[in-house]
Amino acid sequence: MITQLSAGFFENLGKILSSKSFMLLILKGLKTTVIVSVGAAAVGLVLGTLVALIGLQPKNKVWAAPKIVCGVYTTVIRGTPMALQLFIMAFVIFAIRGFPQELTAILAFGINSGAYVSENIRAGILSVDRGQTEASRALGLSTGYTLARIVIPQGMKNVIPAIGNELVALVKETSIVSMIGMFDLTMAANIIGSGQHLANYAAPMVVIALFYLAIVYAITLCIKLIERRLRKSEKK
């Protein structure tokens, strides 16, 4: 029985890899996954940096309201499921005929990622020795210049591994966009597996898993290369 299942699995695997139509479906899904992941990562990084900087501002009347808004944002986003957030964005906030689904997904995942990125960046900035800030102020440098040219660059070095982990998690989370009807890698696997040419979903799911694994490996490799380059610059 096990031998028959294995033979069927490898037969289906061969059909998928040798079929132009199946591979075109997978590549179409891969395009959507990459677009949503890259777009959401960009939104999350910008939004997370902004929220982190606001959270680090002194407690006064000027920053009171923005700090409250950012606090509510991070609490709500981190405390609710990603799938629920995606549904709200797709079927409530952007339930507009003709509104691009890709943009909806990018905003949903970007806003979600921004809440986690903000905490990573805030922790990285706080890890920088306060003595450097005090020294720069003693030299007459402005707060903005000190933050932009001294504190943030050093803080970002400390959070690169955490940001990398967030990017990896983001790519894997995009697999739920098929729940709002988008054609991604997961949807491609479902369509291939539900066809008459294959006996079950095992082979297409394994193929899609390999594609996700390749993306995650590429991100991990890039993060390691960035860390290695930063370590070399520190030695110099």
Side-chain angles (χ1 to χ4, degrees), residues 5-6 8-45 48 77-78 80-87 89-90 100-117 120 159-195 197-227:
L5 290 174
S6 299
F9 170 79
F10 286 108
E11 181 182 354
N12 290 336
L13 192 62
K15 288 180 181 179
I16 295 171
L17 297 177
S18 61
S19 172
K20 183 179 179 180
S21 59
F22 285 163
M23 292 308 297
L24 287 176
L25 285 175
I26 292 173
L27 292 177
K28 181 181 177 182
L30 176 63
K31 179 182 177 181
T32 300
T33 296
V34 171
I35 290 174
V36 173
S37 299
V38 172
V43 172
L45 185 60
I77 295 299
R78 296 176 69 189
T80 54
M82 180 65 243
L84 178 61
Q85 297 170 25
L86 181 62
F87 285 151
M89 292 289 282
Q101 283 187 317
E102 289 82 1
L103 184 55
T104 300
I106 287 172
L107 291 175
F109 286 102
I111 291 172
N112 178 272
S113 179
Y116 294 92
V117 170
N120 293 330
V159 301
I160 285 177
I163 297 296
N165 291 334
E166 174 57 30
L167 290 177
V168 168
L170 177 62
V171 171
K172 292 186 290 185
E173 284 179 346
T174 59
S175 61
I176 67 171
V177 296
S178 58
M179 297 170 67
I180 61 171
M182 292 184 64
F183 193 96
D184 69 326
L185 283 171
T186 305
M187 178 69 81
N190 286 331
I191 291 176
I192 294 172
S194 62
H197 300 285
L198 303 181
N200 52 55
Y201 287 88
M205 289 300 176
V206 168
V207 173
I208 297 307
L210 292 175
F211 272 88
Y212 276 112
L213 184 62
I215 296 173
V216 169
Y217 180 78
I219 294 174
T220 304
L221 183 61
C222 289
I223 295 298
K224 288 182 178 179
L225 290 174
I226 293 173
E227 289 180 314

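Starting from 1, each residue takes its place in the sequence as its number.
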Return the [atom1] to [atom2] distance between [X] and [Y], rounded to the nearest 0.5 Å.
X: Ile219; Y: Ile215; atom1: CD1; atom2: CD1; value: 7.0 Å
X: Asn120; Y: Ser113; atom1: CG; atom2: OG; value: 9.0 Å
X: Met179; Y: Thr186; atom1: CE; atom2: OG1; value: 11.0 Å
X: Ile208; Y: Asn190; atom1: CD1; atom2: CG; value: 9.0 Å
X: Ile35; Y: Ile106; atom1: CD1; atom2: CD1; value: 7.5 Å
X: Leu86; Y: Thr174; atom1: CG; atom2: OG1; value: 10.5 Å

Considering all heavy atoms, the nearest [X]-[Y] contact:
X: Ile26; Y: Leu185; result: O-CD2, 3.5 Å
X: Gln101; Y: Gly181; result: OE1-O, 4.0 Å
X: Leu167; Y: Ala41; result: CD2-CB, 3.4 Å
X: Tyr116; Y: Ile77; result: OH-O, 4.4 Å
X: Ile16; Y: Pro204; result: CD1-N, 3.4 Å
X: Ser178; Y: Asp184; result: CB-OD1, 3.5 Å

Mind checking side chain to side chain donor-acceptor pair (under 3.5 Å) for [X] and listing every partner two or more places apart, or none if nothing turns up?
X: Asn112; result: Gln85
X: Ser175; result: none
X: Thr33; result: none

Contacts of type side-chain contact (heavy atoms from CB on, under 4.5 Å), residue [X], not counting sequence neighbours:
X: Val34; answer: Leu30, Val38
X: Ser21; answer: Ser19
X: Lys172; answer: Val168, Val216
X: Thr104; answer: Met89, Ala90, Phe94, Phe99

Requested in this report: Test side chain to side chain contact (heavy atoms under 4.5 Å, CB included) on Val177 and Phe109 and set out the steps.
Outcome: CA-CA 10 Å; Val177 296; Phe109 286 102; 3.3 Å; yes
Report task. I would like to know whether Ile191 and Leu25 meet side chain to side chain contact (heavy atoms under 4.5 Å, CB included); could you show each step before the answer? Result -> CA-CA 9 Å; Ile191 291 176; Leu25 285 175; 4.2 Å; yes
Query raised in the report: So, is the end of the Lys28 side chain (NZ or CZ) under 6.0 Å from the ring centre of Phe183 and within 45° of the ring's axis?
Result: yes
Query raised in the report: Would a 4.5 Å heavy-atom cut-off, applied to side chains only, mark Glu102 and Met182 as touching?
Result: yes
